[in-house]
Amino acid sequence: MTRTDHPVRLTAVAAPDQPAVSPDLDRLYRGFERELLVPLWTEIGDLMPAHPRSGATPHRWEWDHLVRLAAQAGELVPVGRGGERRAIALANPGLGGRPFATPTLWAAIQYLMPGEDAPEHRHTQHAFRFVVEGSGVWTVVGGDAVPMNRGDFLPQAGWNWHAHHNATDRPMAWIDGLDIPFQYATEAQFFEFGRDEIGDAERITPERSRSERLWGHPGLRPVGVGELTPGSPLLAYKWEHTDRALADQLAVEREGFGGTVEPGHAAVRYTDPATGRDVLPTIRAEMHRVARGAETAPVRETGSSVYQVFDGSGTVTVGDHTWSVSRGDLFVVPSWLPFSARSEAGTTDSDSGSLDLFRFSDAPVFEALQLDRTRKDAR
Ligand code: GTQ
Ligand code: FE2
């Protein structure tokens, strides 16, 4: 934009004790425009609101629709160098068509056809994969092949080389979460291409990655491992552990010893086994279980979240929006809007009736900047 474009456009406004916009006042505003100046008094309500007013809108995406479109993309759009990934991002309707689920978070469905590879690259953006259904893809992070199965959470901190390969004869879908919108605002991103083909030594399909064999034993830190890079050194958090942690938490609560967030609401946070902190510098991830017939109290928090229903069905409320949700559905909770969830008794005998919600958020950023606030609303 050149200096002569005068991108500042102002409407003269009379001050409260001034009857009207006088010619002098209008001249003052044209002067502001020419010099690229904007007075605080016309902007303060937007710039310094009494409480957060997110530009993002509560919205829900149905998994069936996402998978159907991703499968069509699988038939029509090749994956390879340049586009890098067959990933299709959730675009929040309040964010002007940008591929941003919230002002800070990217959420996408990624799809790989049988035998396909997504080429190696690295970037400063922090990322994770979460698998709601299917199996058969290995993500190769720094040469370590990590299997992906239903319920697994796979963090992958920025600047690690990574590629994905589908070793089976079936397509696979999963979701990616990244801090792309946050890093876009920081203007501090870097990106590099890696090898066009990963080595045969990495196109292997181990049941457990090196990282899991070193770091996947509760409370046991490998003594011989040297200096660590940012983010969790554990590259996969297996569903069997998450599931057992939630079931045990609810059982301890039922025995009268507490341990849950609130009655009938168990939750675990994925943490870095080396530090006990969040798995990624900018992203927090959790799994919540709302037991059969239980309901969570409405909570407001600064910062935004994306949820995916992992299992069960129920009703979720975000601000003025209420949706029925079931397996795979995604929805967003913008900053400072109250969120609550209720499980619905399952329709089959085998269904436990609980609602399992995978959640990721930008909380580590807000905590680091001391901008985190939480308020429990009265029901
Ligand atoms: O799988 O490496 O959804 O780099 C967006 C950017 C996935 C990935 C996304 C990425 C990736
Ligand atoms: Fe990537």
Side-chain angles (χ1 to χ4, degrees), residues 61 63 66-67 69-71 73-74 77-92 95 98-113 116-132 134-148 152-167 171-186 188-198 202-203 209 229-232 235-236 279-283 285 306 308 328 330 332 358 360 362:
W61 288 261
W63 183 241
L66 300 187
V67 172
L69 288 164
V77 183
V79 63
R81 204 38 106 200
E84 299 296 294
R85 298 293 183 261
R86 191 185 290 112
I88 308 155
L90 309 185
N92 189 290
L95 299 178
R98 302 291 297 166
F100 298 168
T102 79
T104 54
L105 298 170
W106 165 281
I109 180 170
Q110 187 169 161
Y111 202 83
L112 269 188
M113 296 294 275
E116 269 184 342
D117 283 348
E120 189 180 60
H121 67 205
R122 67 176 176 178
H123 38 72
T124 49
Q125 288 86 355
H126 302 294
F128 72 80
R129 333 272 157 219
F130 179 70
V131 184
V132 74
S135 59
V137 168
W138 273 253
T139 184
V140 184
V141 181
D144 191 11
V146 194
M148 296 167 62
D152 296 349
F153 170 76
L154 297 93
Q156 175 220 294
W159 217 237
N160 286 292
W161 292 110
H162 57 286
H164 317 304
H165 72 106
N166 187 339
M172 182 178 169
W174 67 90
I175 65 158
D176 301 311
L178 289 92
D179 60 0
I180 290 173
F182 172 70
Q183 289 212 22
Y184 191 82
T186 66
Q189 314 103 308
F190 293 89
F191 181 98
E192 285 180 358
F193 295 125
R195 299 161 299 169
D196 287 337
E197 297 284 336
I198 56 170
E202 290 144 293
R203 200 177 277 105
S209 60
T229 53
S232 177
L235 298 178
V279 277
L280 295 168
T282 55
I283 297 177
V306 180
Q308 185 175 35
L330 290 129
V332 291
F358 171 75
F360 68 102
D362 50 15

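Start at 1 and go down the list; that is how both ligands and their atoms are numbered.
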Nearest-contact summary for atom 8 (C) of ligand 1 - protein heavy atom, Å: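 Scanning the protein heavy atoms, the shortest distance from atom 8 (C) of ligand 1 goes to R85 NE, 3.0 Å.
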Residue part near ligand 1, for E84, under 4.0 Å between non-hydrogen atoms: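 It is neither part, as no heavy atom is under 4.0 Å.
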Contacting atoms of ligand 1, where contact means under 4.0 angstrom from a heavy atom of [X]:
{"X": "A108", "result": "3 (O)"}
{"X": "H121", "result": "2 (O), 4 (O)"}
{"X": "H164", "result": "1 (O), 2 (O), 8 (C)"}
{"X": "L178", "result": "3 (O), 5 (C), 6 (C), 9 (C)"}

Expected output: side-chain R85 to main-chain P119 donor-acceptor under 3.5 Å: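 The answer is yes, because a donor-acceptor pair under 3.5 Å joins these two groups.
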F193 CZ: over 12 foreign heavy atoms closer than 6.0 Å: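 It does: F193 CZ has more than 12 such atoms within range.
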Determine the minimum heavy-atom distance between [X] and [Y], stating which atoms define it.
{"X": "A87", "Y": "A108", "value": "CB-CB, 4.1 Å"}
{"X": "H164", "Y": "Q110", "value": "CD2-OE1, 3.2 Å"}
{"X": "E120", "Y": "I198", "value": "CB-CG2, 4.5 Å"}

Name of the H121 atom (N/O/S only) found closest to the Fe ion (ligand 2):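 Going through the N, O and S atoms of H121 one by one, NE2 ends up nearest to the Fe ion (ligand 2).
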